[in-house]
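The structure appears right after this line, and notes come after that.
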Amino acid sequence: FDNLKDRDEIAWNVLIANYAEHEHAEEALKWFKSMSCEGLSPDAATFVSVLKACGSINIGKEVHAKILSQPLVRNNIMVGNALVDMYAKCGSLKKAHEVFNELHVRDVISWNAIITGFTRLGHWEEVMNYFEQMQHEGLHPDHCTFFAILRVCGSIGAIERGTEAHNMIVHEGLLEKDISIGNALVDMYAKCGALTKAQEVFNKLPVPNVVSWTGLISGYAQLGKDVTVVKLFNKMIQEGIRPNVVTFTVMLNACRHSGLLHKGDMYFDAMYTQYGVIPTMEHNTCMVDLFGRAGQFDKAVSLIKRIPNSDCLPIWTTLLGACQTWRNLTLGRQAFEHAVRLNEMDDAMYICMSN
């Protein structure tokens, strides 16, 4: 780019788009400003890329203002969709809704942007309303729409609406085209406790992957079906599917809720030694809880000492709860002091961020 003698809008757009696509937001925005300094006017493609790079609502509003000043750009549907998506990703759902309502033409991408934005922030009722409005306007949902809707249905236990979406997905022939839709269906039915339906969908998947297996295992774990959970995990391994960080979260939580210390310890050890999965703080907390419930405080403390950053409030409150159950006053006092200190640090951090 630097060696080009004549740099036109296309050259600038390619450069900016690639920085934005690979999540180098600061560089994308820097080149956007440089483009204007060289006297070139951004076009629709430029603004779409720049809006993708906007991670701050203030910068997004500045770009929005520039868009409004250019009549040839401001009514472009791609730019409008990118604006909706930008505001939604920045958490400004009110602005996203305003821009969405002002769009002269709304396509499936417009609807997906607003639906995905509201889904991401847990506004379930609004998502379902948008989904109904979309269909009322005669637009067919695509895999992105269904993915969001199934997530909502699983979160609120709306199995009837989830089943309706399932029927539409089958009618559109999306199950054969996109494994992620099948996985979302398995997850939705599992979270709604409809394990028979989850199993039916799972059995029809052409090639179940680790997400498919984890979704099904999670459903059985949720209902305390420990024997089935272990059987499915073992079968997954036999099928040559490597468990991931989420799979082990499900397995360790299942062991914790059922008090299966031996199996939990075995899975925890296998995470890194067999599968190269580095334990997260949630995994470590599960194991501290398992050891604590069994009264094995030496192992719990030994694990905490091995954790790279043990200054984590859930770790110490978990240990404190176990100490209370077993009346371990000495260790309980230490856990309490750690928990109080970390809680004060969290409060101080919150105050600083608020100011």
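As the structure is a prediction and not an experimental result, all values here were calculated from the model.
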Test side chain to side chain donor-acceptor pair (under 3.5 Å) applied to Ser155 and Arg151, step by step: CA-CA 6 Å; Ser155 298; Arg151 180 183 169 190; 5.2 Å; no
Within-4.5 Å side-chain heavy-atom neighbours: Asp187 and Leu150: no
Shared hydrophobic cluster, Leu260 / Tyr267 (ILVMFWY, side-chain heavy atoms < 4.5 Å): no
Polar side chain donor-acceptor pair, His143 to Ser180, under 3.5 angstrom: no
Ion pair Arg341/Asp311, N-O distance below 4.0 Å: yes
Which atom of Arg242 lies closest to which atom of Gln274, heavy atoms considered: NH2-O, 3.6 Å
Path from Leu40 to Phe1 over hydrophobic side-chain contacts below 4.5 Å: yes
Minimal non-hydrogen separation, Leu331 against Leu319, with atom names: CD2-CD1, 4.1 Å
Atom CD of Glu21 with >12 non-hydrogen neighbours under 6.0 angstrom: no
Worked check of ring-ring contact (aromatic ring centres under 6.0 Å, His included) between Phe32 and Trp12: CA-CA 8 Å; Phe32 172 66; Trp12 282 95; 9.9 Å; no
Pair Trp316 + Phe336: ring centers closer than 6.0 Å: no
Charged N-O contact under 4.0 Å between Lys197 and Glu200: yes
Presence of salt bridge, Lys177 and Glu172, under 4.0 angstrom: no
Test item: side-chain donor near acceptor, Thr280 and His283, under 3.5 Å: yes
Salt-bridge present (Arg161, Glu164; N to O < 4.0 Å): no
Within-4.5 Å side-chain heavy-atom neighbours: Asn183 and Asn209: yes
Phe202-Trp213 aromatic ring centre distance below 6.0 Å: yes
Tyr130 vs Phe118, ring-ring contact (aromatic ring centres under 6.0 Å, His included): CA-CA, chis, key distance, verdict: CA-CA 10 Å; Tyr130 279 124; Phe118 275 80; 5.3 Å; yes
Glu62 side chain to Asn58 side chain, donor-acceptor N/O pair below 3.5 angstrom: no
Joint cluster assignment, Val229 & Val277, ILVMFWY side-chain distance < 4.5 Å: yes
Any side-chain donor near an acceptor of the partner, Thr247 and Thr214, under 3.5 Å: yes
Side chain to side chain donor-acceptor pair (under 3.5 Å) between Asn81 and Asn112, worked out: CA-CA 9 Å; Asn81 292 343; Asn112 285 346; over 6 Å; no
Working for side chain to side chain donor-acceptor pair (under 3.5 Å), residues Asp289 and Thr318: CA-CA 6 Å; Asp289 191 28; Thr318 298; 5.6 Å; no
Heavy-atom closest pair, residues Ile59 and Cys54: CG2-SG, 3.9 Å
Evaluation steps, side chain to side chain donor-acceptor pair (under 3.5 Å), between His257 and Asn253: CA-CA 6 Å; His257 293 142; Asn253 272 311; 4.8 Å; no
Criterion ring-ring contact (aromatic ring centres under 6.0 Å, His included) on Tyr87 and Phe100, from CA distance to verdict: CA-CA 10 Å; Tyr87 278 122; Phe100 178 80; over 10 Å; no
His97 and Asn101: side chain donor to acceptor below 3.5 Å: yes
